[in-house]
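To find a chain, count down the sequence lines: A is the first, B the second, and so on, and within it residues start at 1.
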Number of protein chains: 2
Amino acid sequence: MTVAPSSILSLTETAESIGRCTLFKGVRSESLLRLAESARSVFLPRNGTLYRQGELADDLFIVVSGQIGMFLPLPNGAEKIIVLARSCDSVCEATAYLGVPHTATAVAKVDSHLLAISSEVLRQQAQQDAGLACQLLEAMSNRVIGLISDIAGSSPRSSLQRLSYYLLQFRAEDNPRVYGLTLPASKRDIAAKLNLAQASLSRAFRQLLEMEVIAVAGRKIQVLDAEALAEFCRNGEDNGAD
Amino acid sequence: MTVAPSSILSLTETAESIGRCTLFKGVRSESLLRLAESARSVFLPRNGTLYRQGELADDLFIVVSGQIGMFLPLPNGAEKIIVLARSCDSVCEATAYLGVPHTATAVAKVDSHLLAISSEVLRQQAQQDAGLACQLLEAMSNRVIGLISDIAGSSPRSSLQRLSYYLLQFRAEDNPRVYGLTLPASKRDIAAKLNLAQASLSRAFRQLLEMEVIAVAGRKIQVLDAEALAEFCRNGEDNGAD
DNA sequence: CGAGTCGTTGATATCTTTCAATCCCTGTGG
DNA sequence: CCACAGGGATTGAAAGATATCAACGACTCG
């Protein structure tokens with residue numbers, strides 16, 4: 001992991017960068033500046049390790065650009081991806097806030113640029129700025145909900161159900177029957193997130209494809225019948241067209 | 001769900017009750033009182049439903065006595081238990097703080113007594129009392145870590161590994177080789193938490209038993225060789241005695 | 001044009017699930 | 001004190017689904 005002094009950017013620029021992150025949106029600039037003072041700029045090449053499970057969390061990371069994957073090493077050598085963080089996302093808020101060992105390992109999926117904020121400063125600032133604390137609270141709440149959603153998505157035994165659930169998460173608010181999406185990562189990583197073998201995911205895609213519920217073009221996917229997907233999630237059985 | 005006016009308890013008594021909860025430990029009494037004012041007392045008989053997935057979260061619940069199980073209904077009619085909350089635990093902090101729909105369903109495993117705190121008041125108070133907000137932040141962080149740990153425990157395919165991981169969580173800080181524990185719920189519920197069929201969990205217990213890694217007496221369990229359990233978690237294979 | 005990665009596909013083994021019957025323990029009632 | 005539900009846990013046999021291993025095709029990059 002390459003660490004560059006944040007001085008490449010001015011303090012105010014750094015503060016702005018931090019403020020753009022969803023985690024700190026709306027936080028008053030004074031707090032932002034404090035955080036920026038403690039920030040280090042980190043560049044991580046593709047496949048570079050940001051931290052490993054078990055290491056102490058001294059920093060909160062903000063993804064400026066690139067993509068970071070947090071995963072759990074699994075007994076059989078495989079890995080389970082917990083979060084895929086992209087621009088403006090933050091990583092390891094919980095462990096950083098608590099200052100405890102990282103629960104997962106984080107690596108860059110592509111060349112990435114991040115900001116490391118001292119967890120100690122973060123705690124201090126949270127104590128003094130309730131607005132900041134509440135913002136963190138909100139982000140953390142969303143993370144909790146996201147994790148529970150992940151658990152929900154990984155709990156069904158059937159690979160078809162897991163994939164259906166996953167694809168359904170990209171559906172817009174107004175619940176359209178047809179919609180498009182782009183996979184945020186390689187199929188291999190998606191499989192790791194859904195706790196499936198690459199091969200199993202591939203077969204699941206094929207099933208959906210042959211049922212004409214989706215159309216696939218590389219990472220671009222067209223959902224042709226979201227209702228059918230939802231039906232899979234409920235019943236686990238195919239009811240095709242009704 | 002039976003709702004009784006909190007007036008059975010004096011306001012200060014309620015505030016004290018709230019303060020005992022780990023979620024609000026160390027919070028200044030003024031904030032506690034504000035929260036207490038908004039609190040309702042809730043009694044839930046065994047198998048009573050506290051709330052269902054999808055309902056709006058208007059309240060944060062504190063378990064005064066009893067046990068609450070939060071679970072996700074699964075496609076095949078089974079259910080996945082996410083959290084088992086006991087005395088002094090809190091339930092659905094994230095959804096309540098955000099005021100969004102519940103992500104899971106909560107029922108009482110035994111006759112239970114809880115306190116319902118208005119989520120709106122909670123948000124207000126958090127804005128005004130950074131100490132409270134930080135306390136919530138800490139609790140939420142722990143919840144995140146706990147969830148990730150759950151994910152880690154549910155990710156390995158093997159039932160032996162899942163059970164081993166689960167039992168290992170009861171190990172004391174100093175990593176003793178031998179230790180005892182009492183299951184916090186029925187084997188059926190444990191199975192639901194580990195994403196296993198009752199029968200599969202039973203068989204996993206039997207394996208561990210026959211390998212003399214644990215001893216079982218109802219809900220009381222003696223771990224005879226924690227290292228062996230840890231080994232299972234890593235390798236997924238039995239290396240018996242070395 | 002060769003190297004490397006990603007994704008697909010096939011055949012097999014392994015594991016869990018499922019369903020059902022049985023056993024065990026507990027609390028109740030006679 | 002014994003008998004009888006009732007729930008929880010165990011066990012057995014069969015079926016189903018995914019993992020695994022390996023080989024192949026497609027694509028990108030240098």
Exercise. Between D:dG7 atom P and B:Asp189 atom CG, what is the distance in whole Å?
Worked result: 15 Å
For this session: Output the single nucleotide from D:dT20, C:dT8, D:dT11 whose closest atom is nearest the side chain of A:Arg206.
Result: C:dT8
Problem set entry | Nearest-Å distance for atom pair CZ/C1', residues B:Arg188 and D:dA9 | 12 Å
Problem set entry | A:Arg219 CZ to D:dT28 C1', straight-line distance once rounded to whole Å | 13 Å
Exercise. Picking from A:Val223, A:Leu163, A:Leu160, what satisfies side-chain contact (heavy atoms from CB on, under 4.5 Å) with A:Leu229?
Worked result: A:Val223
Problem set entry | Closest to side chain of B:Lys187, choosing from D:dT20, C:dT8, D:dT10 | D:dT10
For this session: Please report, rounded to the nearest Å, how far the P atom of D:dT18 is from the NZ atom of A:Lys80.
Result: 16 Å
For this session: Check every strand shown and say whether B:Ser200 touches a base, only sugar-phosphate, or nothing at a heavy-atom separation below 4.0 Å.
Result: base
Problem set entry | Distance in angstrom units between B:Gln198 CD and C:dT22 P, rounded | 18 Å
Exercise. Salt bridge (Lys or Arg N to Asp or Glu O under 4.0 Å) with A:Glu227: which of A:Arg171, A:Arg234, A:Arg177?
Worked result: A:Arg171
For this session: Figure out the CZ/P separation between A:Arg46 and D:dC29, and round it to whole Å.
Result: 11 Å
Exercise. For B:Leu201, which contact category applies under a 4.0 Å heavy-atom criterion: base, sugar-phosphate, or nothing?
Worked result: nothing
Problem set entry | Distance below 4.0 Å between A:Ser159 side-chain N/O and D:dT18 OP1 or OP2 | yes
For this session: Classify the angle between the aromatic ring planes of A:His113 and A:Phe43 as parallel (below 30°), tilted (30 to 60°) or perpendicular (above 60°).
Result: tilted
For this session: May I ask you to establish whether B:Lys193 and B:Tyr166 are in a cation-pi arrangement, using a distance under 6.0 Å from NZ or CZ to the six-membered ring centre and at most 45° from the ring axis?
Result: no
Problem set entry | Whole-Å gap separating C1' (C:dT16) and CD (B:Gln161) | 14 Å
Exercise. Has A:Glu55 got more than 12 heavy atoms of other residues, nucleotides or ligands less than 6.0 Å from its CD?
Worked result: yes
Exercise. Rounded to whole angstrom units, what separation is found between the CZ atom of B:Phe205 and the P atom of D:dT10?
Worked result: 8 Å
Exercise. With distance as the sole criterion, do the side chain of B:Arg203 and the base of C:dT18 form a donor-acceptor contact below 3.5 Å?
Worked result: yes
Exercise. For A:Asn195, which contact category applies under a 4.0 Å heavy-atom criterion: base, sugar-phosphate, or nothing?
Worked result: sugar-phosphate
